[in-house]
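Comments concern the structure below.
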Amino acid sequence: MAKKLTPRNKDFSEWYNQLVKEADLAEHSPVKGCMVIKPYGYALWEQMQKTLDTMFKETGHVNAYFPLFIPKSFLSKEAQHVEGFAKECAVVTHYRLKNDPNGKGVVVDPEAKLEEELIVRPTSETIIWSTYKNWVQSYRDLPLLINQWANVVRWEMRTRVFLRTAEFLWQEGHTAHATKEEAIEETLKMLEVYFTFAEKYMALPVIKGIKTENERFAGAVETYCIEALMQDGKALQAGTSHFLGQNFPKAFDVKFLTKENKWEYAWATSWGVSTRLIGALIMAHSDDEGLVLPPQLAPYQVVIIPIHKTEEEYQKVTAQCDVIAQQLKKANIRFKIDARKEFTPGWKYAEYELKGVPLRIAVGPRDVDNHTVEIARRDTKTKQSISADNLVQSVEKLLSEIQENIYQKALSFRKSMTTRVDTFKEFEEVLNEKGGFIEAHWDGTIETELKIKELTKATIRCIPINNALEEGKCVYSGKPSKQRVLFAINY
RNA sequence: CGGGAUGUGGCGCAGCCCGGUAGCGCACUUGCUUGGGGUGCAAGAGGUCGUGGGUUCAAAUCCCGCCAUCCCGACCA
């Protein structure tokens, strides 16, 4: 154990930053707030993409691609939308450079000024709805169920790798429907997709809920979300699904003729998750030894390490590794053999623990003789010697146990970090001493929400759906309330 | 944009207080050794000390400006 991460309980931010770097996920770029996603980090994103993309297609969506640049005027067509995003837009004003007349590098050519400035998309509602205008004329053209995988830019004041970067990768779904009911159904359907993805694949327990007016997406009628809890007791918004009503269709004049031959505006939704999910994954499961990845998303589910001294042993052991590899390949298990002679087994163990590979199989001369392998779990850090017979079944069983174990661990953590409070004094105490989610009554006004935020920095993460109704009094104002909402300090 | 900190080989840092021309660990190259929990030894390569100015015989070190990054706030996914 040479390389030690700063322990989580000492400095969680420091631990997170070191882990991202040491596990080879990403590094800072020369441009402030931007990151280089390294191959291992990108492989993780690809696993997420692959899974989500399949889920989107199974729910009837198709992929398309819309441009990076948006004419400035588009952004201002929806009033709330522009207000929400105007402060963080990168703007393209020129299209050409030239040699500096003073001989120092290149300068922007003042003669190459754009007639209309272009915004680098912070999100694509405007460019997409301006396009949908041409695609929608009749009820027969609906619904439009389109997703795009893209990068977006939001010029944030303060950035943090994966959690909030100036440029990030995401998917954004943008759908158009003939009726309000159908659009709301779509919004909820995609919320459910995100919920399933978080719980089943990321092993991340999340709360489904509705955002308050204050936290709602700029331009949405209703914002649904999934909220997760990180190991430091802070909440993280993991995905959002918006019912946009007719705001964008009206702003971009997207109308269609109904069966009854009447003009009507389309109904809209949008929904997205981003590379922020990688941050969520890290902060939910990993430990002081390094990453802990859920088997469902790990780039490698298994790493095989041959152990040998002599050349003869090397041949014998790697031959056995190849046999195992064939079996794993046949069973569609993602694996890697690390037969590099330059590194010792101990070094490799530490390396793959840091990288969060769920299972490690070591094969040495003794194993070949005994027809066994040594198999070690990343989540519990336990190892055992098992028979080389039925190895695939053992691996599959262990992988699903790990998936379930880290989910349960995160779930019981969330339970232990969710507190019901009924007085504001308790509210402040819990927040200061424990953190986590706080279930409390709220009078439903934006004034109270803002006041609580000002006093405690906690915000309403969501109004949980499927939440039992319960008469009570607002924790701050004492006014009547019908249900508890979820407060937390968030990322 | 406010508060704090930091900029020194690829990475992490020491040196700065008390000026004398740069060192350590990791990584890298070569050879041997070792190999079931980050082997050990030896040799080697690699640095405009963020940047611009000032003080001085002499600046990584002292003074002033600028820039960048990170952390903590305000803003946000």
Side-chain angles (χ1 to χ4, degrees), chain A residues 1-4 6 11-18 20-22 24 27-35 83-89 122-123 152-172 194 211 214-218 223 225-228 235-242 270-280 289-290 305-311 313-314 317 339-354 360-368 370 372-374 376 381 383 385 453-454 457 459 461 489-491:
Chain A
M1 295 294 144
K3 262 183 203 164
K4 268 285 180 191
T6 298
D11 185 342
F12 196 80
S13 289
E14 187 61 24
W15 167 82
Y16 177 81
N17 285 328
Q18 285 178 5
V20 166
K21 191 171 173 306
E22 296 298 334
D24 232 13
E27 61 188 39
H28 290 287
S29 85
V31 180
K32 184 189 165 96
C34 292
M35 61 179 168
E83 198 184 314
F85 286 104
K87 283 173 287 183
E88 51 188 41
C89 285
T123 179
V152 288
V153 169
R154 296 182 188 176
W155 213 268
E156 300 284 354
M157 289 304 203
R158 204 182 136 207
T159 54
R160 234 150 125 39
V161 186
F162 288 124
L163 298 177
R164 182 170 300 103
T165 44
E167 179 193 12
F168 56 93
L169 305 185
W170 78 345
Q171 60 69 215
E172 46 181 329
Y194 290 154
K211 286 289 182 189
N214 186 45
E215 299 276 330
R216 196 180 286 155
F217 175 75
T223 290
C225 63
I226 51 171
E227 291 283 330
L236 184 80
Q237 178 175 305
T240 47
S241 184
H242 315 289
S270 71
W271 28 274
V273 295
S274 72
T275 36
R276 163 176 263 200
L277 290 181
I278 296 174
E289 254 63 59
I305 299 174
I307 294 163
H308 48 83
K309 289 196 188 83
T310 62
E311 181 60 27
E313 281 178 353
Y314 177 78
V317 160
R340 290 177 295 175
K341 287 179 174 173
E342 311 84 64
F343 295 96
T344 60
W347 190 92
K348 291 176 187 171
Y349 294 173
E351 178 70 7
Y352 292 107
E353 272 162 21
L354 191 55
R360 180 183 75 226
I361 292 176
V363 181
R366 286 206 303 267
D367 292 306
V368 180
N370 301 336
T372 58
V373 301
E374 182 193 87
K381 301 206 63 186
K383 50 186 176 186
S385 189
K453 184 178 179 184
E454 185 192 322
K457 287 171 198 159
T459 52
R461 298 326 305 148
I489 307 273
N490 78 310
Y491 271 99

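Proteins get letters first, then strands, A, B, ... in listed order; numbering begins at 1 in each. Keep in mind that the numbers below use all heavy atoms, side chains included, and drop hydrogens, waters and symmetry copies.
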Identify whether any heavy atom of [X] sits under 4.0 Å from a base atom; if not, whether one sits that close to sugar-phosphate; answer base, sugar-phosphate or nothing.
X	answer
A:Lys87	nothing
A:Phe168	base
A:Leu163	base
A:Glu14	nothing
A:Glu156	base

With respect to the side chain of [X], which nucleotide from [options] is positioned closest?
X	options	value
A:Thr165	B:A77, B:G38, B:G36	B:A77
A:Ser274	B:A77, B:G38, B:G37	B:A77
A:Glu374	B:G36, B:C71, B:A77	B:G36
A:Arg164	B:A77, B:G36, B:C76	B:C76
A:Asn17	B:G37, B:A77, B:C71	B:C71
A:Lys453	B:C75, B:G37, B:A77	B:C75

* **Expected output: side-chain A:Tyr314 to main-chain A:Pro306 donor-acceptor under 3.5 Å** => no
In whole angstrom, give me the gap between the [atom1] atoms of [N] and [M].
N	M	atom1	answer
B:G31	B:G36	C1'	26 Å
B:C49	B:C75	C1'	37 Å
B:C24	B:U8	C1'	12 Å
B:G9	B:G46	P	15 Å
B:G52	B:A68	P	15 Å
B:U51	B:G7	C1'	11 Å
B:U56	B:G44	C1'	38 Å
B:A14	B:G3	P	25 Å

To the nearest Å, give me how far apart [atom1] ([X]) and [atom2] ([N]) are.
X	N	atom1	atom2	result
A:Arg160	B:C70	CZ	P	11 Å
A:Leu236	B:C76	CG	P	16 Å
A:Glu172	B:A77	CD	C1'	12 Å
A:Lys211	B:A77	NZ	C1'	9 Å
A:Leu354	B:C26	CG	C1'	14 Å
A:Lys457	B:A74	NZ	P	6 Å
A:Lys381	B:G38	NZ	P	12 Å
A:Glu88	B:C75	CD	C1'	8 Å

Nucleotides 28-35 of chain B: which of its N/O atoms have a protein N/O under 3.5 Å away?
{"unit_1": "B:G35", "atom_1": "O2'", "unit_2": "A:His308", "atom_2": "O", "d": "3.2"}
{"unit_1": "B:G35", "atom_1": "N2", "unit_2": "A:Lys341", "atom_2": "O", "d": "2.7"}

* **Worked verdict on A:Ser270 versus A:His242 for side chain to side chain donor-acceptor pair (under 3.5 Å)** => CA-CA 5 Å; A:Ser270 71; A:His242 315 289; 4.5 Å; no
* **Results of salt bridge (charged side-chain N to carboxylate O under 4.0 Å, His left out) for A:Glu227 - residues two or more places apart only** => A:Lys211, A:Arg461
* To do: Mind checking salt bridge (charged side-chain N to carboxylate O under 4.0 Å, His left out) for A:Arg276 and listing every partner two or more places apart, or none if nothing turns up?
  => none
* Asked: Does A:Asp11 have any side-chain contact (heavy atoms from CB on, under 4.5 Å) partners at least two apart in sequence or in another chain, and if so, which?
  -> A:Thr6, A:Ser13, A:Glu14
* For RNA chain B, whose closest nucleotide is more 5', that of A:Thr159 or that of A:Asn490? ->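 It is A:Thr159 whose nearest nucleotide is closer to the 5' end.
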* Asked: Given that A:Gly33 and A:Arg366 both sit by RNA chain B, which one's nearest nucleotide is further toward the 5' end?
  ->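 Looking at the nearest nucleotide for each, A:Arg366 comes out on the 5' side.
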* **Partner of A:Glu353 under salt bridge (charged side-chain N to carboxylate O under 4.0 Å, His left out), chosen from A:Lys383, A:Lys348, A:Arg360** => A:Arg360
* Asked: So do A:Thr123 and A:Glu172 actually touch side chain to side chain, heavy atoms under 4.5 Å?
  ->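 A side-chain contact exists here, since the closest heavy-atom pair is under 4.5 Å.
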* Check whether any side-chain heavy atom of A:Asn490 sits under 4.5 Å from a side-chain heavy atom of A:Thr459, and report yes or no. =>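 Yes, their side chains come closer than 4.5 Å.
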* What pair of heavy atoms forms the shortest contact from A:Gly364 to A:Val317, and how long is it? -> C-CG2, 3.6 Å
* Shortest non-hydrogen contact between A:Ala280 and A:Leu236, atoms and distance ->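 In terms of heavy atoms, the two residues are closest at CB-CD2, 3.3 Å.
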* Asked: Any donor-acceptor pair under 3.5 Å between the side chain of A:Lys348 and the base of B:G36?
  -> no
* Looking at OG of A:Ser274 and CZ of A:Arg164, how far apart are the two atoms once the value is rounded to the nearest 0.5 Å? -> 10.0 Å
* To do: Any chance you could encode RNA chain B as dot-bracket? Rule is Watson-Crick or G-U wobble with both distances under 3.5 Å; [ ] for pairs crossing earlier ones, | for another strand.
  => ((((((((.[[[[.)....(..]]]].(((((.......))))).....[[[[[..)....]]]]])))))))....
* Quick one: do A:Glu313 and A:Arg366 make a salt bridge, cutoff under 4.0 Å? -> no
* So, for A:Phe217 and A:Phe85, is the gap between ring centers shorter than 6.0 Å? -> yes
Taking N or O atoms only and anything under 3.5 Å, show me the protein contacts with nucleotides 9-13 of chain B, one pair per line.
{"unit_1": "B:C11", "atom_1": "O2'", "unit_2": "A:Lys21", "atom_2": "NZ", "d": "3.4"}

* Once the angle between the rings of A:Phe168 and A:Trp170 is folded into 0 to 90°, is it parallel (under 30°), tilted (30 to 60°) or perpendicular (over 60°)? ->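 Plane angle over 60°, so perpendicular.
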